Amino acid sequence: MALIVQKYGGSSVGDADMIRGVARRIGREKGRGTDIVAVVSAMGDTTDDLIELATSVSGGAPDPRELDLLLSTGELVSCTLLAMAVRALGYDAVGLSGFQAGIRTDTTYGRARISEVDTSRMRKELEEGNLVIVAGFQGVTDEMDVTTLGRGGSDTTAVALAAALGAQRCEVYTDVDGIYTADPNTVAEARKLDEIGYEEMLELASYGAKMHPRAIELGAFYDVPIYVASSRNETPGTLIHGGARKGMEQRVKVTGIAHDLNVAKITLQGVPDRPGIAAAVLEPLADQAISVDTIVQNASVENLTDLSFTVTRTDAAKALEVVKPVAEEVGARALTADNGVSKVSIVGSGMQNAPGYASRMFRALADEGINIDMITTSEIRITCIIGDDRVKDAVRCLHRAFQLEREE
Ligand code: ASP
Ligand code: MG
């Protein structure tokens with residue numbers, strides 16, 4: 001029998017009515033002859049509420065072990081209630097905690113990683129004809145302590161179970177109906193995609209249905225197709241998979257436009273052009289776990305050069321602090337941070353070897369009078385750093401230039 005893992009997010013199981021609605025969906029699928037393992041998140045804002053309670057009673061710093069045990073109860077509530085609702089419809093169902101479902105993790109409370117899934121209990125329940133409902137976001141250590149996987153971790157649970165069980169696919173039901181070609185709040189013509197590759201999804205994940213990047217990486221690694229759709233209607237969603245645009249030679253296509261306002265540019269002016277400078281600047285940032293994105297070094301004039309890189313705006317102050325001693329040591333003329341920049345990217349697989357895309361992007365921005373500050377490319381995207389004030393214009397003009405409003 002075909003096996004599908006479904007995941008329902010907290011906003012899809014917010015109250016008793018919604019839980020009954022999900023139960024009907026699962027029951028219907030089962031009625032079509034599909035085996036179902038359903039993973040649920042905690043109802044609505046339960047996790048936030050529990051964290052608030054824990055913070056309040058503990059004077060600000062809850063013990064990580066107790067906190068994880070506490071937070072795991074949120075998913076136990078929705079899991080057991082859903083199992084009851086499914087039974088009320090006349091289907092056999094069993095609710096399992098992460099522990100009962102065989103999910104083993106390491107001991108990193110608050111962001112544990114799954115080490116192994118022992119699927120024997122789930123398989124036994126499926127063989128007996130049960131619908132299996134699993135509490136997401138949790139597992140257990142070798143010492144039988146309950147852990148949680150980090151905020152949004154139920155996505156990871158669902159994909160991990162799909163991989164471990166060899167399910168046909170993992171379906172993620174949420175309150176939006178798929179992944180869009182751009183942020184629909186910025187571009188009115190943004191269109192829902194029928195399909196998207198894993199890597200592209202990682203770049204566009206913030207537009208439309210939000211999925212945890214870790215779950216997408218896991219899906220890519222184990223080649224689990226992930227279908228993202230709304231739990232509120234039957235509108236077709238977006239399939240995230242690795243086989244997109246298969247062919248002897250992959251055809252390049254821009255899938256969507258991504259943008260990011262959380263960017264700051266740090267510049268060291270007039271640093272000596274000699275081996276070791278970039279390393280000296282970037283090493284202390286790495287030591288502080290500040291990730292650096294775009295890096296640009298200019299041609300040097302009289303052996304002095306400018307070095308610019310971007311970090312998230314959130315990290316900017318800390319990055320300045322970390323780089324300051326290095327800047328002084330190497331005798332840089334100035335060290336500046338600019339919070340007024342943003343990133344805009346065209347995303348699509350196979351772009352690195354297709355120069356036409358970059359020129360089309362630059363032409364579109366030029367025609368809009370948008371100045372490009374820095375440029376980076378990767379296999380699947382071309383990114384320009386531009387001024388904050390023009391981001392929306394940039395996204396719109398690129399969406400138009402690559403004709404993303406049209407179905408191909
Ligand atoms: N309930 C957890 C959270 O809110 C896990 C999840 O929703 O996936 O982060
Ligand atoms: Mg949640």
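Values in this document were obtained by computation on a predicted structure and should not be read as measured data.
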In Å and rounded to the nearest 0.5 Å, what is the [atom1] to [atom2] distance from [X] to [Y]?
X: Ile51; Y: Leu70; atom1: CD1; atom2: CG; result: 9.0 Å
X: Leu71; Y: Thr147; atom1: CG; atom2: OG1; result: 11.0 Å
X: Ile386; Y: Ser342; atom1: CD1; atom2: OG; result: 6.5 Å
X: Lys124; Y: Thr119; atom1: NZ; atom2: OG1; result: 13.0 Å
X: Ile370; Y: Asp393; atom1: CD1; atom2: CG; result: 5.5 Å
X: Cys79; Y: Leu96; atom1: SG; atom2: CG; result: 6.5 Å

Result block: side-chain N/O donor-acceptor pairs under 3.5 angstrom for residues 225-232, not counting sequence neighbours:
from	atom 1	to	atom 2	distance (Å)
Tyr227	OH	Gly237	N	2.7
Ser230	OG	Arg232	N	2.9
Ser231	OG	Ser12	OG	2.7
Ser231	OG	Thr174	O	3.4
Arg232	NH2	Ser11	O	3.0

Could [X] and [Y] be called an ion pair, given the rule that one side-chain N must be under 4.0 Å from one carboxylate O?
X: Arg313; Y: Asp388; result: yes
X: Asp48; Y: Arg151; result: yes
X: Glu125; Y: Arg123; result: no

Measure across [X] and [Y] and return the closest heavy-atom pair with its distance rounded to 0.1 Å.
X: Glu75; Y: Ser154; value: OE2-OG, 3.8 Å
X: Gly110; Y: Asp68; value: N-OD2, 2.8 Å
X: Asn233; Y: Thr235; value: OD1-OG1, 2.9 Å
X: Phe362; Y: Cys384; value: CE2-SG, 3.6 Å
X: Leu76; Y: Thr80; value: O-OG1, 2.6 Å
X: Cys170; Y: Ala162; value: CB-CB, 3.9 Å

Next item on the list: May I ask you to check whether Arg32 and Thr34 show a side-chain donor-acceptor distance below 3.5 Å?
Entry: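 Absent: no donor and acceptor within the cut-off.
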
May I ask you to decide if [Y]'s main-chain N or O and [X]'s side chain share a donor-acceptor pair within less than 3.5 Å?
X: Thr46; Y: Ala42; value: no
X: Ser300; Y: Asp273; value: no
X: Ser378; Y: Ile380; value: yes
X: Arg169; Y: Val224; value: no
X: Arg390; Y: Gly369; value: yes
X: Arg396; Y: Thr186; value: yes
X: Arg24; Y: Ile19; value: no
X: Thr181; Y: Arg191; value: yes
X: Thr305; Y: Asn298; value: yes
X: Ser97; Y: Gln100; value: yes

Item checked: Glu234: side-chain contact (heavy atoms from CB on, under 4.5 Å) partners, not counting sequence neighbours ->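 Expected list: Arg25, Arg28.
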
Notebook entry, point to check: Is the number of heavy atoms from other residues, nucleotides or ligands within 6.0 Å of CD (Glu405) greater than 12?
Noted result: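 More than 12 heavy atoms, drawn from other residues, nucleotides or ligands, come within 6.0 Å of this atom.
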
Note to self: For Arg360, is the CZ atom crowded, meaning more than 12 foreign heavy atoms sit under 6.0 Å from it?
What the structure shows: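 Enclosed: over 12 neighbouring heavy atoms sit under 6.0 Å from CZ of Arg360.
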
Can you tell if the side chain of [X] reaches within under 4.5 Å of the side chain of [Y], non-hydrogen atoms only?
X: Thr73; Y: Leu50; value: yes
X: Leu82; Y: Ile26; value: yes
X: Leu204; Y: Thr255; value: yes
X: Tyr173; Y: Gln6; value: yes
X: Leu149; Y: Arg214; value: yes
X: Leu165; Y: Val117; value: no
X: Leu365; Y: Glu368; value: no
X: Arg113; Y: Thr108; value: no

Next item on the list: Output all residues satisfying side chain to side chain donor-acceptor pair (under 3.5 Å) with Ser58, sequence neighbours left out; order by chain, then residue number.
Entry: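 Ser58: no side chain to side chain donor-acceptor pair (under 3.5 Å) contacts found.
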
Margin query: Determine whether Ile346 and Ile257 satisfy the following criterion, side-chain contact (heavy atoms from CB on, under 4.5 Å), listing intermediate values before the conclusion.
Written below: CA-CA 5 Å; Ile346 58 173; Ile257 312 295; 3.7 Å; yes

Checklist line | Sole residue of Asp293, Thr294, Val281 in side chain to side chain contact (heavy atoms under 4.5 Å, CB included) with Phe309 | finding: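 In the set Asp293, Thr294, Val281, the residue that makes a side chain to side chain contact (heavy atoms under 4.5 Å, CB included) with Phe309 is Val281.
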
N/O donor-acceptor pairs under 3.5 Å from side chains in residues 315-337, not counting sequence neighbours:
from	atom 1	to	atom 2	distance (Å)
Asp315	OD2	Thr312	OG1	3.4

Notebook entry, point to check: Which is it for Tyr198 and Glu200 under the side chain to side chain donor-acceptor pair (under 3.5 Å) test, yes or no, and what are the steps along the way?
Noted result: CA-CA 5 Å; Tyr198 296 110; Glu200 296 169 326; over 6 Å; no

Next item on the list: Go through the steps to decide whether Tyr109 and Thr148 satisfy the test side-chain contact (heavy atoms from CB on, under 4.5 Å), and finish with yes or no.
Entry: CA-CA 6 Å; Tyr109 294 112; Thr148 66; over 6 Å; no

Note to self: I'd like to know whether Lys30 forms a side-chain contact (heavy atoms from CB on, under 4.5 Å) with Leu131, so could you lay out the CA-CA distance, the side-chain angles of the two residues, the decisive distance to 0.1 Å, and finally the verdict.
What the structure shows: CA-CA 8 Å; Lys30 173 80 178 169; Leu131 269 151; 4.1 Å; yes

Residues 132-142 side chain polar contacts: donor-acceptor under 3.5 Å, at least two apart:
from	atom 1	to	atom 2	distance (Å)
Gln138	OE1	Gly98	N	3.3
Gln138	NE2	Ser72	O	3.1
Thr141	OG1	Glu143	N	3.1
Thr141	OG1	Met144	N	3.4
Thr141	OG1	Asp145	N	3.1
Asp142	OD1	Arg104	NH1	3.2

Margin query: Pair Glu189, His399 - check side chain to side chain donor-acceptor pair (under 3.5 Å), show working.
Written below: CA-CA 8 Å; Glu189 297 80 29; His399 200 270; 5.0 Å; no

Note to self: Considering only residues two or more places apart or on different chains, which pairs with a residue in residues 263-272 satisfy side chain to side chain donor-acceptor pair (under 3.5 Å)?
What the structure shows: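 Those involving residues 263-272 are Lys265-Asp373, Thr267-Ser308.
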
Next item on the list: Begin with the C-alpha distance, continue with both residues' side-chain angles, and end with the deciding distance and a verdict on side-chain contact (heavy atoms from CB on, under 4.5 Å) for Asp306 and Leu268.
Entry: CA-CA 6 Å; Asp306 295 345; Leu268 282 99; over 6 Å; no

